[in-house]
Number of protein chains: 2
Amino acid sequence: MATKARNADTADRILDVAEELVQVRGFNAFSYADIAAELGMTKAALHYHYSGKAELGRAVIARYSERFSAELAEIEARDATAADRLAAYVDLYAGVLRARRMCLCGMLAAEYQTLPDDIRDAIIAFFDDNEVWLVRLLQQGRADGSLRFDGSPADTARMIVGGLEGAMLVARPYGDAKLFERTARALLATFRPAR
Amino acid sequence: MATKARNADTADRILDVAEELVQVRGFNAFSYADIAAELGMTKAALHYHYSGKAELGRAVIARYSERFSAELAEIEARDATAADRLAAYVDLYAGVLRARRMCLCGMLAAEYQTLPDDIRDAIIAFFDDNEVWLVRLLQQGRADGSLRFDGSPADTARMIVGGLEGAMLVARPYGDAKLFERTARALLATFRPAR
DNA sequence: GTCTATAGGCAGATAGAC
DNA sequence: GTCTATCTGCCTATAGAC
């Protein structure tokens, strides 16, 4: 029962637009009117699919987190060594920035204090998932010698997530994806086994 | 002609409140009404001191950047070695997070796409200044052997700024300043000369 | 410098026809 | 499912009295 990907149903197209708006402008800086205009429909129609902005936000982050998890699983299926997997992880972030977007959860982390409780929980869960995945990666890399680092895997995992989120945050005003890539390479270089 | 610091004039107290609101909630998530309520005055009075929200934003970032520059100069006056200066630089960020705030320019970087042009320019200038200062620091550290790093000073400087901004961004949802400090220590550890 | 009062606009949201 | 019409509330901003 395949549906045409080109012709996703309305609920999905709303989610697509909302996701982009959150990543580019932030949750507090877009309105139902923006989405309605983009899709050529009215605000009232949006309320039929998502009862309010908070619920729309929940749906956006839920889909984003699922997709991110799927991409992590894909990396594990495709790349064998810890070093390759880490490079692929960095590429996920680079792809977001090339689309002139901020990481959804990085953007929402900035707005954290203004967001409803369940969205806050989802942000925390996203970062927790990333940390768990990276900790396993780092343990693997330390064991097989493909990654070198001094601190605990947990602190190092947070250094990676923070380093990439921050590099995106700072690179975006410059509108320069290459800036991010050079910064990320400097971060990756600290994990090279032979120095 | 000294004025009492405890009794700063109204324009300064407005700036104090606005600065905190931007750092905690973001520029798009506070209003003149919030500031007026906090200071026990009316919105109209605020407009006497700052004609509009955009001008208020300009004033906030201008004062913040000046203060930040002064703190960098203080570090150079107090700490001699590059390693000590870098540690003190990290402490600046830690202090902001302990006050439960995000770096002002990190927050504004997230909101960048929604901000007026002159505020955008000020954000870029802030990061440029930080990079310049860190590049000099890194060159000094490489020369005197107190800091070790592989990439160019410029890329490494951006790795530091990004790493600290991102570590703040991610630590703030957890409401845990210690989390930032451990992450920052992991970052600093990559600069240790003997590994 | 600070107030009251208010303008004008846009936000999120709902009712009810089709 | 989508529309028109509308509500209520908050936003930024201004006029004018004190």
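Side chains included, hydrogens not; waters and symmetry mates left out as well; all remaining heavy atoms used. Just so we're on the same page: letters track the sequence lines, and every chain starts at 1.
- Here C:dA13 presents its C1' atom at 14 Å from CG of A:L56, a figure rounded to the nearest Å.
- Computed from coordinates, the A:L46 CG to C:dG12 C1' distance equals 11 Å when rounded to whole Å.
- Residues passing the side-chain hydrogen bond (donor to acceptor under 3.5 Å, both in side chains) test with B:R67 are B:E19, sequence neighbours excluded.
- Within the nucleic acid shown, A:Y50 has no heavy atom closer than 4.0 Å to any nucleic acid atom.
- A:L39 and A:V24 end up in different hydrophobic clusters when Ile, Leu, Val, Met, Phe, Trp and Tyr side chains are linked at under 4.5 Å.
- Using a 4.0 Å cut-off between charged side-chain N and carboxylate O, A:R192 and B:D150 make a salt bridge.
- Both tests hold for B:R120 against B:Y112: distance to the six-membered ring centre under 6.0 Å, angle to the ring axis within 45°.
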Short heteroatom pairs, N/O only, protein and nucleotides 1-5 of chain C, under 3.5 Å:
unit_1	atom_1	unit_2	atom_2	d
C:dG1	OP2	B:Y48	OH	3.2
C:dT2	OP2	B:H49	NE2	2.8
C:dC3	OP2	B:T42	N	2.7
C:dC3	OP2	B:T42	OG1	2.9

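- To the nearest angstrom, C1' of C:dT14 lies 12 Å from OH of A:Y32.
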Return all side-chain donor-acceptor pairs below 3.5 angstrom for residues 151-166 of chain B, not counting sequence neighbours, or 'none' if the list is empty.
unit_1	atom_1	unit_2	atom_2	d
B:S152	OG	B:D155	N	3.0
B:S152	OG	B:D155	OD2	3.4
B:D155	OD1	A:R182	NE	3.4
B:D155	OD1	B:R158	NH2	3.1
B:T156	OG1	B:S152	O	2.7
B:R158	NH1	B:E131	OE1	3.1
B:R158	NH1	B:E131	OE2	3.1

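- Residue A:I35 contributes atom CD1, which lies 11 Å from atom P of C:dA13 at whole-angstrom precision.
- If you take CZ of A:F30 and P of C:dC10, they are 18 Å apart, rounded to a whole angstrom.
- With rounding to whole Å, B:L21 atom CG is found 11 Å from D:dT12 atom P.
- Rounded to whole Å, atom P of C:dT14 lies 7 Å from atom NE2 of A:H47.
- Of the residues A:N130, A:D84, A:D79, the one that meets the side-chain hydrogen bond (donor to acceptor under 3.5 Å, both in side chains) test with A:Y89 is A:N130.
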